[in-house]
Amino acid sequence: MPPSVFSPLSFIDLFAGIGGFRIAAESIGWQCLFSSEIDAHCRRAYAANFGEEPTGDIRDVDASEIPDHDVLLAGFPCQPFSIIGKMNGMRDRRGTLFFEIERIIHAKRPRWIVLENVKQLISNDGGMTLKTILKSLESLGYAVDHRVLNALEFGLPQKRERIFIVANRIGAQIEWHRLKSKKMKSLSRVLEQDAPTKHYVSEHIRRKRLDAHTPSASPSIWHENKGGHISSYPFSCALRANASYNYLLVDGVRRLTPREMLRLQGFPEHFKIVCSDSQTRKQAGNAVAVNVVSAVLSEIQRYRDSSVRFEILSTTTANAR
């Protein structure tokens, strides 16, 4: 049996942000061979936490410079497909970055591909954007499947629905029903007891919120939508990178701290915060929910482990004959 059977799966981390995919992958023993991220502040945070700075703009990287790898991971830019933005999709320059992923897949032929994006990718351009992506992967010889997963169902007190596209060229099928839901962590385990004064809103904003809304739970996170309607829940609505400063308020009186935002995304306590509050807020809003990624990657690992056990059994049986 080839010794490589027992080696950890290797991966590359494209559009890496601050490393949510990498945290999930390394937690199950996978090995990162390459990372890329265009934003300098994200690269700084990534370097502080993983000991290496990602390569910059993936468009400037020749595919031959990227190591061969088992799994390609990418949370490619979601703004072109977001309901908050103009939903220009592939007409937005950032939307065409998927084709950079396609370029690398064509050259490196990883066994697995895991992509993450906003739920609105499904409906963008009447469904044509998603259809283009799926057909592109299929034309490269991959079996493709996708699901919308909500972070609320994976232990995180954040309603964050994201599409996960999983493709492979080894004939495997993701058994989505195996992805285990977890009881939602309570907000009290996320929120800081003594948040710095700088995070509290002005008396004017506080009174305006309290006069307009009566919460049904405490603690709760209050959400103000674009129309000015206020609602509150014992969980957070989805973090957003470019939301208004007071988009989400804890009990209607203060903004989330950077650490709280990272907790809502499933980042561990030891994750180092090295950028400003505003940059960390943006980074958290753009990040993947680590718990959800962990569930998806663990299913790939389960398939790999079962395949290895089958190969061992088959080899042992053949040798015994």
State, without any angle test, whether [X] and [Y] hold a side-chain donor-acceptor pair at a distance under 3.5 Å.
X	Y	value
S218	S220	no
S64	D62	yes
H213	S232	yes
N246	R255	yes
Y46	D13	yes
W30	Q301	yes
S10	Q31	no

Tell me the closest heavy-atom pair linking [X] and [Y], and the distance in Å.
X	Y	value
P258	I273	CB-CD1, 4.0 Å
C275	T280	O-OG1, 3.4 Å
A295	L179	O-CD2, 3.2 Å

Out of curiosity, [X] [atom1] to [Y] [atom2], how far, rounded to the nearest 0.5 Å?
X	Y	atom1	atom2	value
I113	L115	CD1	CG	6.5 Å
E299	E175	CD	CD	5.5 Å
D194	T257	CG	OG1	11.5 Å
E102	T132	CD	OG1	10.0 Å
S298	I28	OG	CD1	4.5 Å

Give the intermediate values and the outcome of side chain to side chain contact (heavy atoms under 4.5 Å, CB included) for residues L97 and R59.
-> CA-CA 8 Å; L97 287 171; R59 291 170 293 194; 3.8 Å; yes
Can you check side chain to side chain contact (heavy atoms under 4.5 Å, CB included) on K185 and V190, steps first, answer last?
-> CA-CA 8 Å; K185 181 188 296 184; V190 169; 3.9 Å; yes
[X] side-chain N/O to [Y] backbone N/O, donor-acceptor pair under 3.5 Å:
X	Y	answer
S139	S136	yes
D251	V253	no
E161	L149	no
D125	T129	no
N117	L121	no

Are [X] and [Y] connected, step by step, through hydrophobic side chains (Ile, Leu, Val, Met, Phe, Trp, Tyr) whose heavy atoms are closer than 4.5 Å?
X	Y	value
V144	L130	yes
Y247	M261	yes
I12	I38	no
I205	V250	no
F15	I105	yes

Within the 6.0 Å centroid threshold, strictly below: H69 and F34 = no
Does a salt bridge link [X] with [Y], judged by any charged N lying under 4.0 Å from a carboxylate O?
X	Y	value
R263	E260	no
K198	D277	yes
E52	R22	yes
E138	K135	no
R147	D145	yes
E53	R44	no
D70	R111	yes

Trace of the side chain to side chain contact (heavy atoms under 4.5 Å, CB included) decision for L14 with F21 | CA-CA 9 Å; L14 303 183; F21 263 116; over 6 Å; no
For [X], I'd like to know if atom [atom1] has over 12 heavy atoms of other residues, nucleotides or ligands within 6.0 Å.
X	atom1	result
H204	NE2	no
K108	NZ	yes
Q173	CD	no

Could you walk me through whether L239 and L256 pass side chain to side chain contact (heavy atoms under 4.5 Å, CB included), step by step?
-> CA-CA 10 Å; L239 300 182; L256 290 158; 3.9 Å; yes
